[in-house]
Participant: 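I have a structure here, written as structure tokens, and I will follow up with some questions on it.
Predicted, not measured: the structure shown is a model, and the values here were computed from it. Heavy atoms only: backbone and side chains are in, while hydrogens, waters and symmetry mates are out. All chains are named by letter (A, B, ...) in the order of the sequence lines, taking the proteins before the strands, and each is independently numbered beginning at 1.
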Number of protein chains: 2
Amino acid sequence: MVGERLREVILRGELQPGEKLHQNRLAEQLGVSRTPLRTALAALADSGLVVYESNCGYRVREFSPEQIRGAFIVRAELEALACTLAAPNMTDAFAQQLFDFVAEGDRLLAGGQLLEDNHAPYREMNVSFHKLIQTIAGNPWIADFVARLHNVPLTSDRIILWEHWKIIHRSHDDHRRIAEALSHGNGMRAGAIMREHVLFAMDYLLSQLNSQSEGALRIVPARANTQNRKTSKRKP
Amino acid sequence: MVGERLREVILRGELQPGEKLHQNRLAEQLGVSRTPLRTALAALADSGLVVYESNCGYRVREFSPEQIRGAFIVRAELEALACTLAAPNMTDAFAQQLFDFVAEGDRLLAGGQLLEDNHAPYREMNVSFHKLIQTIAGNPWIADFVARLHNVPLTSDRIILWEHWKIIHRSHDDHRRIAEALSHGNGMRAGAIMREHVLFAMDYLLSQLNSQSEGALRIVPARANTQNRKTSKRKP
DNA sequence: AGGAATAAAATTGGATCCAAAATGATATTT
DNA sequence: AAATATCATTTTGGATCCAATTTTATTCCT
């Protein structure tokens, strides 16, 4: 829980890669003692977001462009696999949900552009679409690993490149074709589209990384999480 | 480090799945205080070997046969991907190392059977062979995720089914063909063999799980790790 | 006697404390 | 003046302590 907050802080880039994580300072900033902070750090270290060195504490992990590239490649393969596994599990209800997400995307892109106010909703629709396919696939490892890959700064689904209409339009069209293929039970075809869908995002992100400065990449946070609340049991 | 020991204990099956992890007792058994134990538990929880519930502590995670099956399927795909990525990176030195492992397997299997004393060496050769391919592939995510999948009890490379000569012989023959294909730069073909190599292991393990009792599965521990020592800097 | 309510024990989670190690600063020597 | 050595400060890692919650045991009531 303090771990979640730390993860957000790191992924939003508020802590520089390589930066040392000062336990006293961080604990105070987060308003907790060092003990829960350290358990959170241990978990983050295992998940690979921070690195630990004995007697030297934790620091924010640095990712090379090559590692970021590698993350996309594995994600492309895993999400393609999710499509092939999802196909035999398709039901009318699942197909309907997929097309609902596509329809929501259509609505958000209706004006021939993506308005500023629609960035966050589009992002959430995008995340939901991908997650739903992983759910239908029914293999929890895929969802788990894809989530881990999203924990790499810049690889995260927090980041979408909004600038060029043609690219976002094409990306949304991929979604439609994937939904079509899956609803016809054609998992291999859906997987092929998905693989290209992810690999192209990789190429595009890396080209942007090379040209412009990293700071220019837009990070769109989720809206105040009134949704997505997990089970919280409280005494009266 | 205390985490490593705990991981071993759990993977060896000395703690039953679902069993509650008593912090006081465990800390005493491991000869440490509760604080380092709890950081270790937090890390293991993130890596998915134990589950945590607020105010109820940690318990050993249970895996359904379906989850075990899922782990093999993802591992098959990841290791196949490792083959396709490794092919363009092949050098004569890498090819030599692969064939050295194959030759070692030939030696261990020379008598037309796998002697009891050769179980551990064969296991280590097997692990090294697979890891080398992942190293050549040069994508650290693959090695990381495959290692996580090995952290599932029964999916682990700690377990090899030694009983039937024909199966282990065939499995070793897969290794030879994979090495051949990779040394010729044929990553797709190597990947296809690797996928079947892993998926057949899955089928065989699950069939054994259904027929005989789980306790009959042989878990062969690594030999006292004089090798595999990580960097350890000590003051004189 | 069975079940609900209450009390006692145990266990967890967080805070504080302390020793060991690392970092940084100052002094000393060449 | 530069390099080394020594000392002080900071920071980490582990142990202990304490409050809050859960679990277990007991008592009480129907």
Participant: Between E77(A) and R195(A) (salt bridge meaning N to carboxylate O under 4.0 Å), is one present in this structure?
Facilitator: yes
Participant: Can you list the residues that meet the ring pair (Phe, Tyr, Trp, His ring centres under 6.0 Å) rule with F101(B), with sequence neighbours excluded?
Facilitator: none
Participant: Scan residues 25-43 of chain B against DNA chain D and write down, sorted by residue number, each residue with any heavy atom closer than 4.0 Å; if none is found, say none.
Facilitator: V32(B), S33(B), T35(B), P36(B)
Participant: Just how far, in rounded Å, is C1' of dT11(D) from OH of Y52(A)?
Facilitator: 12 Å
Participant: Between Q23(B) and dA10(C), does any side-chain N or O lie under 4.0 Å from OP1 or OP2?
Facilitator: no
Participant: Just by distance, no angles: are the side chains of Q96(A) and D100(A) close enough, under 3.5 Å, to form a donor-acceptor pair?
Facilitator: yes
Participant: Would you please name every residue forming a ring pair (Phe, Tyr, Trp, His ring centres under 6.0 Å) with F72(B), sequence neighbours left out?
Facilitator: none
Participant: Taking the six-membered ring where the residue is Trp, are the ring centres of H130(A) and H197(A) under 6.0 Å apart?
Facilitator: yes
Participant: Rounded to the Å, how far apart are E53(B) CD and dT12(C) P?
Facilitator: 13 Å
Participant: Give the rounded distance in Å between these two atoms: CG of N55(B) and P of dT21(D).
Facilitator: 7 Å
Participant: Does a side-chain N-to-carboxylate-O contact under 4.0 Å join R7(A) and E4(A)?
Facilitator: yes
Participant: Atom CG of N24(A) to atom C1' of dT10(D): distance rounded to whole Å?
Facilitator: 9 Å
Participant: Can you tell me how far P of dA9(C) sits from NE2 of H22(B), to the nearest Å?
Facilitator: 16 Å
Participant: If you compare every side-chain N and O of K20(B) against the phosphate oxygens of dT12(C) (OP1, OP2), does one of them come in below 4.0 Å?
Facilitator: yes
